[in-house]
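Since the model is a prediction, treat every value here as computed from it, not as a measurement.
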Amino acid sequence: MSSTAAPRRKAPTVPLLRARKVRNGDDPLVMVTAYDAPGARVADEAGVDLILVGDSLAMVVLGYDDTLQVTVDDIAHHTAAVARAKPTPLVVADLPWLSYHVSVEDTVRNAATLIRAGATAVKLEGGSKRLRMIEALIDAEIPVMGHLGLTPQSVHAMGGFKVQGKDSAAAMQLVSDAKALAHAGCFSIVLEGVPTEVARMVTDAVDVPTIGIGAGPGCDGQVLVYHDVLGIEDRITPKFVRRYAEQKADAVTAMSSYADDVRTGAFPGPDESYHLSSDVAETLGLYGSDAG
Ligand code: KIV
């Protein structure tokens, strides 16, 4: 089987990633979501640094309207599929809503389920109010990625999927939350749906890398959802998404050609069919058949 795979890279570790800051001359980090083994192979062969098994799974794969419906078992199932591809990028799994809100014990057990499924780190949403849970996870040797700004698990509390940090108090709160997360030991912080200027302030304020989505170019890295990058998800295109392929449109075209070929009898053709050997065909009295 031929492959265009890039040569095997050095696996990024949590300590290596924690040190990556653009202001120190490092390249920006590249993170993309993936939810299964084929997606993990694509991300791996493309040379990304991190794969996120995001709770966006709910919306882009499982058909829900928000991320609140996925469970720890759902994320673990898909994390295991990603991990089976043995990708070089570091695998981060999202802790779903309510899996880190009830008790420290629950939080650590739920995160451990995701680590045992194959993740190296977990991601959770929220600022200073999550510190107790973050400290417990780090105490249990589980690396944590933070997530601030437009946190989709707070969709109802925010009154919709809305850009955050738009006034000065909210911007300062984001800076203070990011400092608290970094101080608690988060090895990186996703900044979602915040003004570019605020993302820069946060990035300048912390020594760990920020990874933006809808947060402008001033972060230490970027993350996008797999289905958005490849144009598989074409129902909603947020302003911050850039599509690098039109795979949904290509798939519909390909599938229509297949349907046409079946209906016209053009598929399967001789190349896609098995045949008896002429001996067996003769024994069966199939003279004149196209056996052979
Ligand atoms: O679940 C997800 O895909 C995410 C990214 C958008 C950061 O959390």
Side-chain angles (χ1 to χ4, degrees), residues 3-18 20 26-62 67 70 72-96 99 111-125 137 142-147 152 186-192 208-214 219-233 241-245 247:
S3 160
T4 54
R8 212 69 191 155
R9 312 173 304 284
K10 196 169 170 219
T13 61
V14 167
L16 285 174
L17 293 169
R18 182 200 301 278
R20 291 271 294 265
D26 293 319
D27 286 340
L29 290 169
V30 183
M31 180 158 86
V32 69
T33 67
Y35 315 96
D36 56 20
R41 282 186 210 108
V42 169
D44 188 3
E45 293 188 25
V48 310
D49 300 301
L50 299 110
I51 291 175
L52 172 65
V53 186
D55 60 358
S56 49
L57 167 74
M59 297 167 81
V60 294
V61 175
L62 301 181
T67 60
V70 280
V72 173
D73 286 347
D74 291 330
I75 300 279
H77 182 74
H78 287 266
T79 299
V82 163
R84 273 181 220 116
K86 300 189 175 41
T88 300
L90 189 115
V91 177
V92 181
D94 250 343
L95 278 166
S99 70
T113 299
L114 302 183
I115 299 296
R116 288 197 171 130
T120 295
V122 296
K123 175 166 82 56
L124 56 76
E125 297 182 3
L137 291 169
I142 299 174
V144 182
M145 178 181 278
H147 185 159
C186 287
F187 73 97
S188 58
I189 301 169
V190 167
L191 294 178
E192 177 166 358
V208 297
T210 58
I211 304 181
I213 174 162
C219 299
D220 297 301
Q222 297 292 326
V223 53
L224 280 178
V225 166
Y226 185 91
H227 292 59
D228 289 334
V229 176
L230 297 181
I232 300 169
E233 176 55 72
V241 164
R242 187 179 295 173
R243 284 197 208 159
Y244 290 85
Q247 288 196 352

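Nearest heavy-atom pair across A40 and A34 is N-CB, 3.9 Å. Closest of all the heavy-atom pairs between A112 and I142 is N-CD1, 4.1 Å. Closest heavy-atom contact between A117 and A83: O-CB, 3.8 Å. Listed here is the closest heavy atom pair of T88 and A11: CG2-CA, 3.7 Å. Heavy-atom minimum distance, L114 versus L95: CD1-CD2, 3.9 Å. The two residues Y35 and V82 come nearest to each other via the heavy atoms C-CG2, 3.7 Å.
For Y226, the ring-ring contact (aromatic ring centres under 6.0 Å, His included) test picks out no residue, with sequence neighbours left out. Not counting sequence neighbours, the partners of R20 by the salt bridge (Lys or Arg N to Asp or Glu O under 4.0 Å) test are D49.
Of the inter-residue distances, the one linking I51 atom CD1 with T33 atom OG1 reads 9.5 Å to the nearest 0.5 angstrom. Distance CG/L29 to CD1/I211: 5.0 Å, rounded to 0.5 Å. Separating the CG atom in L52 from the CG atom in L90 is a distance of 10.5 Å, to the nearest 0.5 Å. To the nearest 0.5 Å, atoms CG (D73) and NE2 (H78) are separated by 11.0 Å.
Considering only heavy atoms from C-beta on, S188 stays 4.5 Å or farther from V14 through its side chain. V225 has its side chain out of reach of E233: every pair of non-hydrogen atoms, C-beta onward, lies at least 4.5 Å apart. Side-chain contact between M31 and M145: present, with at least one pair of heavy atoms (C-beta onward) separated by less than 4.5 Å. Side chains of H227 and S56 form no contact here, defined as non-hydrogen atoms less than 4.5 Å apart. Using a 4.5 Å heavy-atom cutoff, the side chains of D26 and D220 are not in contact. Side-chain contact between P89 and D44 is present, with heavy atoms from C-beta onward closer than 4.5 Å. Side-chain contact check for P96 versus D74: every heavy-atom pair is 4.5 Å or farther apart.
In summary, of the residues considered (L124, T67, V190, D55), a side chain to side chain contact (heavy atoms under 4.5 Å, CB included) with D94 occurs for D55 alone.
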Q | CA sep, side-chain torsions, deciding dist, call: V42, V32, side-chain contact (heavy atoms from CB on, under 4.5 Å) | A | CA-CA 10 Å; V42 169; V32 69; over 6 Å; no
